[in-house]
Amino acid sequence: MRIDIITILPKILDSPFSHSILQRAQDKGLVEIVVHDLRQFGSGKQQQIDDYQYGGGAGMVMMCAPIFNCIESLRKERAYDEIIFLTPDGEVLDQKMSNTLSLKGNLILICGHYKGIDERLREHVVTKEISIGSYVLSGGELAAAVLVDSIVRLLPGVLSNETSALTDSFQDDLLAPPVYTRPEEFNGWKVPDILLSGNEAKINEWREEQAIKRTKERRSDLL
Ligand code: 6GU
């Protein structure tokens, strides 16, 4: 898979992909993540990428040409399955959407800023609009990092068996059950006896029960 990210703040995205699972996925050649500085496609000496909105009103709008030209330069190299705009008024991301996107080959992500991007790009170029939840971020970069993380960890070979995506919260529409590690007692707080029993069938049954209980209590909307 290849993911190209278009942003005016490429530095924000230096770190999120450079550690742990996401770094390893790139080292293994399972995904190529390339961040593009939109400024380089801006016009004039100022490398302008935004302008006042027609009709007046506060807030700048990201112009058509820089984003369009950046995308065209990428399209010369390869075909893209989706051109995604990260925006608070997009479809809210969930596990099903991440699963679907993880099956794609090449993706472009556009990070919005200010009042957003010129509507004509959304009509004619963007193929999918995604929000990561019902709150406002200062820009699309952190949302892009969240989206990339949720997709890449699903690619075959990225996670080892013991961290398998199949046991994640949400993968079966249930939250994960509680987990414990050594010691058996800490501050007088004990690990549930069942987990120390060695009875694998009983343990699995308990975990299933706990997952259902937790989901009912915290996220009954998932059931
Ligand atoms: Cl994708 N962008 C911004 N700016 N804010 C958000 C968001 C995206 N998703 C939730 N809030």
Side-chain angles (χ1 to χ4, degrees), residues 1-19 21-22 25 31 33-39 41-42 48-55 57-68 70-71 74 80-104 106-155 168-171 173 175 218-219 221-222:
M1 171 178 259
R2 170 154 170 145
I3 305 176
D4 290 276
I5 307 175
I6 302 173
T7 170
I8 55 164
L9 296 170
K11 283 213 168 89
I12 295 186
L13 295 171
D14 280 349
S15 176
F17 311 132
S18 303
H19 306 277
I21 287 167
L22 291 204
V31 64
I33 304 169
V34 185
V35 177
H36 304 275
D37 184 357
L38 183 63
R39 268 298 151 205
F41 294 85
Q48 188 181 358
I49 52 87
D50 60 350
D51 210 334
Y52 299 102
Q53 51 178 317
Y54 280 121
M60 305 292 274
V61 175
M62 292 169 77
M63 299 157 76
C64 283
I67 291 174
F68 186 78
C70 181
I71 290 171
L74 291 169
Y80 285 89
D81 300 294
E82 298 282 4
I83 298 179
I84 299 169
F85 176 43
L86 281 309
T87 177
D89 60 0
E91 188 184 347
V92 177
L93 179 66
D94 62 9
Q95 189 62 41
K96 186 163 159 273
M97 206 189 295
S98 297
N99 290 346
T100 303
L101 289 170
S102 75
L103 301 172
K104 308 279 185 187
N106 301 320
L107 304 174
I108 290 177
L109 311 187
I110 305 166
C111 304
H113 264 268
Y114 321 116
K115 285 283 170 196
I117 64 175
D118 191 301
E119 186 70 18
R120 290 167 290 186
L121 289 168
R122 299 176 70 161
E123 279 173 29
H124 301 291
V125 179
V126 168
T127 62
K128 196 169 181 59
E129 303 188 321
I130 299 178
S131 159
I132 63 162
S134 301
Y135 42 82
V136 180
L137 302 170
S138 307
E141 285 75 16
L142 296 179
V146 166
L147 178 61
V148 168
D149 187 309
S150 76
I151 293 170
V152 170
R153 62 198 307 288
L154 296 170
L155 299 177
D168 285 345
S169 276
F170 288 108
Q171 201 52 257
D173 281 339
L175 301 181
R218 301 181 183 203
R219 291 296 306 274
D221 59 297
L222 294 175

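Whatever order the structure lists ligands and atoms in, that order sets their numbers, starting from 1.
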Worksheet item: Who are the side-chain hydrogen bond (donor to acceptor under 3.5 Å, both in side chains) partners of H19, not counting sequence neighbours?
Response: S15
Worksheet entry | Nearest non-hydrogen partners of L101 and I130, listed with the distance | CD1-CD1, 3.9 Å
Residues 135-148, side-chain donor-acceptor partners within the protein, below 3.5 Å, at least two apart:
unit_1 : atom_1 : unit_2 : atom_2 : d
Y135   : OH     : I132   : O      : 3.0
E141   : OE1    : H113   : NE2    : 2.8
E141   : OE2    : T7     : OG1    : 2.5
E141   : OE2    : H113   : NE2    : 3.2

Please tabulate, one pair per line, all N/O donor-acceptor pairs under 3.5 Å involving side-chain atoms of residues 88-97, not counting sequence neighbours.
unit_1 : atom_1 : unit_2 : atom_2 : d
D89    : OD1    : T87    : OG1    : 2.7
D89    : OD1    : R122   : NH2    : 2.8
D89    : OD2    : R122   : NH2    : 3.2
D94    : OD1    : K96    : N      : 3.3
D94    : OD1    : M97    : N      : 3.0
Q95    : NE2    : N99    : OD1    : 3.1

Discussion item. Please check: side-chain N/O of D81 versus main-chain N/O of L107, any donor-acceptor pairing under 3.5 Å?
Written reply: no
Sub-3.5 Å pairs, protein N or O with ligand 1 N or O:
unit_1   : atom_1 : unit_2 : atom_2 : d
ligand 1 : 4 (N)  : L137   : O      : 3.1
ligand 1 : 5 (N)  : L137   : N      : 3.0
ligand 1 : 9 (N)  : S131   : OG     : 3.3
ligand 1 : 9 (N)  : I132   : N      : 2.9
ligand 1 : 11 (N) : Y135   : O      : 2.5

Practice prompt. State, to 0.1 Å, how close L222 and D173 come at their nearest heavy-atom pair, and which atoms those are.
Written response: CB-O, 3.7 Å
